[in-house]
Every structure is written in C-alpha cells, then in structure tokens.
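Predicted, not measured: the structure shown is a model, and the values here were computed from it. Note that these values count all heavy atoms, side chains included, but never hydrogens, waters or copies made by symmetry. In what follows, every chain begins at residue 1, and chains take the letters A, B, ... in the order their sequences are listed.
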There are 2 protein chains.
Amino acid sequence: MTTKARDKKNQLIEATIDLFAKEGFWNTSTARISKHAGVATGTLFNYFPSKEALIDAVYLHLKLEMKAFITPGYPADEGTGACIAHVWRRYAEWGVHSPVHYQLLEQLRLSNLVSQQIEDRLMEEIGFMHELIETARQQGLFGEVSLEFAGALIHATVTATINVALAHQLTGPALQKHIAQGLSVLWTGIQPSK
Amino acid sequence: MTTKARDKKNQLIEATIDLFAKEGFWNTSTARISKHAGVATGTLFNYFPSKEALIDAVYLHLKLEMKAFITPGYPADEGTGACIAHVWRRYAEWGVHSPVHYQLLEQLRLSNLVSQQIEDRLMEEIGFMHELIETARQQGLFGEVSLEFAGALIHATVTATINVALAHQLTGPALQKHIAQGLSVLWTGIQPSK
DNA sequence: AAAATAATTGACTGACTAGTCAGTCTTATG
DNA sequence: CATAAGACTGACTAGTCAGTCAATTATTTT
C-alpha cells in the first residue's frame, strides 16, 4: 500500500470516528462518512470491504492510539505495582485528553459490533496489561480477588474517574488530584486486608 | 387508559426489551417489534407516537423494575451505611438475576437515545439514592470524595461485580461471596484514610 | 338493535440503507 | 509521449426503515 493510500484510509477512519462520536454509530451511514471524508461512496469500499470492516478498523485505531498514549514512561523496573499505577493513571489522562475517542471506544466495546478477529489481534497488542494484572495478583497485591475481577475493577474505577473528570471539566492540579484520588480508591479497596 | 390498553402497552414494551436484548436496539425495526408483540405495525404507533418514545418507555420500565427489585428490605433505621450497602447488594443481585434487562439498561444508558424528559422523571423515582449518597458523604463516610464521584464509583463497582459474576455464571454461596467481595472493595476503597 | 365511538389492521409511502460497477481520471513506466 | 495499471467516481440497485391512513373490526352508548 502506498503512503497516499494509507493516508486516505486514515482519513476515512478519522471521518468515521468524528461522525460516530457526533451522531452515534447506529445512525451514521456510509454515504455520510464518505462525504465527510471528502471521497465518493465507492471509494470507502475500496479500502474497507464492508461497514463492519470499517468499524473494526476504527476500534483497532482507537485502541492503538490509547496504547501509544499509555506506553511512554512505563516504569518496567519499579515493580508491578508501579506499572499498574502508571497504566491506570495514563489511561485516565488519555480519557480526559481525548474524550470523544474515549467515549466512542467505550460505546464500541459494549456494542458487540467488533469482530472476534480484531479482539484477538488486540490481545497481542495490549495483552501485557493482563499479564501485568496476573503478576500483581500472584505477588499478593490484590488479596483474594480473581484475575478477571481485578481487571474489571481496574477498568471500572478508571472509567468512573474519567467520566467525573469530564463532567466537571477538571484540568491541571485539580485533575491530577482527582486522578490520584481515583487510583487511591482502587488501590486501597483492592489490597488485601491485614 | 383501560386495563386492556395498559396490558397491550406493556406487551409492546416487553416485546421490545426481548428483541433489543437479542439483536441490539440499533437494528431492531418497529415492524419486527409489532410482529413479536402480536399486533399490527400501526398499533404500535397508537401507543407510542414514535420509536423514540417507545425507547423512552422501555428505559423507564427497566429502571422502575430495578427499583422494585432493590426496594424490599430497605433498612431505613439502621443508618446510612447499611442503606447504601443494601442498595448496592440488591442492585448486584438484580443484575445477576435479570442479566438481559440489566445489560440492555446499561446499553441504553450510554446510547444518548433516552430523552431528557425521562431522565428528569427518573430523578424523582430514584432520587432517594442520590440523597442517600449525599447524606453518607456529609456523615464523613466517604472521605474527600465528591458526591458525583461517589455515585460514579458505586455504579462502577457494582457493574464490574455483576459483569464478572455473569461471565463466571456464579450462583448460590459463590455468588454471595463475590458480591460481598465487590462491596468490600468499594467500601474499603472509598472510606477515609485514618 | 342501531348508532356512535374507539381500537386495530396492514398495504403503502418516501426517505434512507449498504454495497456495486461501468466508466473516468491519475499516476507510473518504457 | 504512449500505454498500461490502478485509483476514484457517483448514479444505481435491491432492500429496509419509521411512520401513515383508509378501511375494517370491536366495543360502548343510546
């Protein structure tokens, strides 16, 4: 694929994200997406064989974007706890930084519109997070909580934190304090009772 | 409205819930809903002026159903903490007991398809939960956490608990232990540090 | 029982849907 | 410059959508 073609593909994905976020993906037609991306309706289907494939690509795009935001500064040598805290904090910051993308990602996650193939592909990309949680659990950081439950609680707390931060339009130190508070709730709640 | 008419209205709402849950609300047509409810397409629009109004009614129906499940045994005289714990636990039990309705409610909540009018109407019905949280906060049960953040964290933890319970098909004592664990995470995490 | 009222029906409408394809335009190559 | 390859176009198709309405059936009133 040429550079130009990859550009157009990204252009279509960006246009899709824009419209999906603005109007909901269940009533955004391929015709509108094409128009918003500045191409003909047929061109969309040169790059994506179906609307479903486009949705898959959007989901993949968003998750990789999130990963790219989270990864920098990963404290691999400071222990499992620090790594989880880093990922949690960066996730929260990404959500506040890119609310539209974050909200669309959450919607797609619950929609059952994303194919299993893409879920599998993503497991390779962000599977390190699951390993991280499993390691922490084995080190006894999480008390009796199971792997899945720990993952669900981590996701739930970060989501709640992002949503409240967005609702109150927190920025700067107030935002940092709020994020620290959210992380503290998770950390205190999930730790084994002595 | 006669009893018969109210029956048919409920019949339509139940059929809608059934199909929405089975196939997703964004590709369930009014024609299919009518057929599934055993009436003609026109009849649906005698009871609901539009599909949007039907969705509103479904959302209201689900929330009131949840409220009805949560309310019994409310320990009004055992203090704010006990009341919140009761509501949290019963919510979790409702989600596990009625997974289809619970999941649909969550989807609708995030969909922006429900009108403000219905949200307002529901505030009157389930506003007592917010007052409960505010009271608890004023009593210092929640440390520095704001009202909205407390509400978000309560919702987030109960959702995570339900989802994991459903994924693992927990029942009986294992389910009760899991729910207790989820509540404990919230409670430990949110309590003020000494 | 007759008349009036209300509820129900389903064929129908115009707008919209995902996806196609014959033809046009752009770009790369010899 | 000429030719071939590939990218792009948008009118078009077959089908679905929410919502309508004249006709029919059921119920209530007189």
Visitor: Report the distance from atom CD1 of Ile55(A) to atom C1' of dA18(C), rounded to the nearest whole Å.
Guide: 11 Å
Visitor: Which whole-number value in Å describes the distance from Ile33(B) CD1 to dT16(D) P?
Guide: 16 Å
Visitor: Whether the side chain of Thr41(B) and the base of dA11(C) hold a donor-acceptor pair under 3.5 Å is what I'd like checked.
Guide: yes
Visitor: Does a donor on one side chain and an acceptor on the other come within less than 3.5 Å for Gln116(A) and Asp120(A)?
Guide: yes
Visitor: State whether Lys35(B) places a side-chain N or O below 4.0 Å from either non-bridging phosphate oxygen (OP1 or OP2) of dG10(C).
Guide: no
Visitor: Could you give the CG-to-P distance, from Asn27(A) to dA15(C), as a whole number of Å?
Guide: 18 Å
Visitor: When you get a sec, tell me which of dA18(D), dG19(C), dT8(C) is the closest nucleotide to the side chain of Phe45(A)?
Guide: dG19(C)
Visitor: Compare the minimum distances between each of dG19(C), dG10(C), dA7(D) and the side chain of Tyr47(A), then state the nucleotide with the smallest one.
Guide: dA7(D)
Visitor: Do His155(B) and Glu106(B) pair up side chain to side chain, a donor and an acceptor below 3.5 Å, judged on atom types alone?
Guide: yes
Visitor: Give the rounded distance in Å between these two atoms: CZ of Arg32(A) and P of dT17(C).
Guide: 7 Å
Visitor: Of Leu44(B) and Ala31(A), whose nearest nucleotide on DNA chain C comes first from the 5' end?
Guide: Leu44(B)
Visitor: Can you label the angle between the Phe128(B) ring and the Tyr74(B) ring as parallel, tilted or perpendicular, going by 30° and 60°?
Guide: perpendicular
Visitor: Could you check whether Thr28(A) gets within reach of a base, just the sugar-phosphate, or nothing at all, counting any heavy atom under 4.0 Å?
Guide: sugar-phosphate
Visitor: What is the distance, rounded to the nearest whole Å, between atom CG of Leu54(A) and atom C1' of dT17(C)?
Guide: 15 Å
Visitor: Would you check if there is a donor-acceptor pair between the side chains of Thr161(B) and Trp88(B) at a distance under 3.5 Å?
Guide: no
Visitor: Between dG19(C), dG19(D), dT9(D), which one does the side chain of Lys51(B) approach most closely?
Guide: dG19(D)
Visitor: From the options dT9(D), dT8(C), dT17(C), select the nucleotide whose nearest atom is closest to the side chain of Ser29(A).
Guide: dT17(C)
Visitor: Using whole Å, what does the distance between atom P of nucleotide dA7(D) and atom CG of Leu12(A) come to?
Guide: 14 Å
Visitor: Nearest whole Å is fine: how far is dG10(D) P from Asn46(A) CG?
Guide: 13 Å
Visitor: Of all the choices, dG19(C), dT9(D), dA18(D), which nucleotide is nearest to the side chain of Thr30(B) once you look at every atom?
Guide: dA18(D)
Visitor: Rounded to the nearest angstrom, tell me the gap between atom CH2 in Trp26(A) and atom P in dA18(D).
Guide: 15 Å
Visitor: Does the pair Tyr102(A) and His97(A) meet the rule for a ring-ring contact (aromatic ring centres under 6.0 Å, His included), with working shown?
Guide: CA-CA 9 Å; Tyr102(A) 154 74; His97(A) 182 264; over 10 Å; no
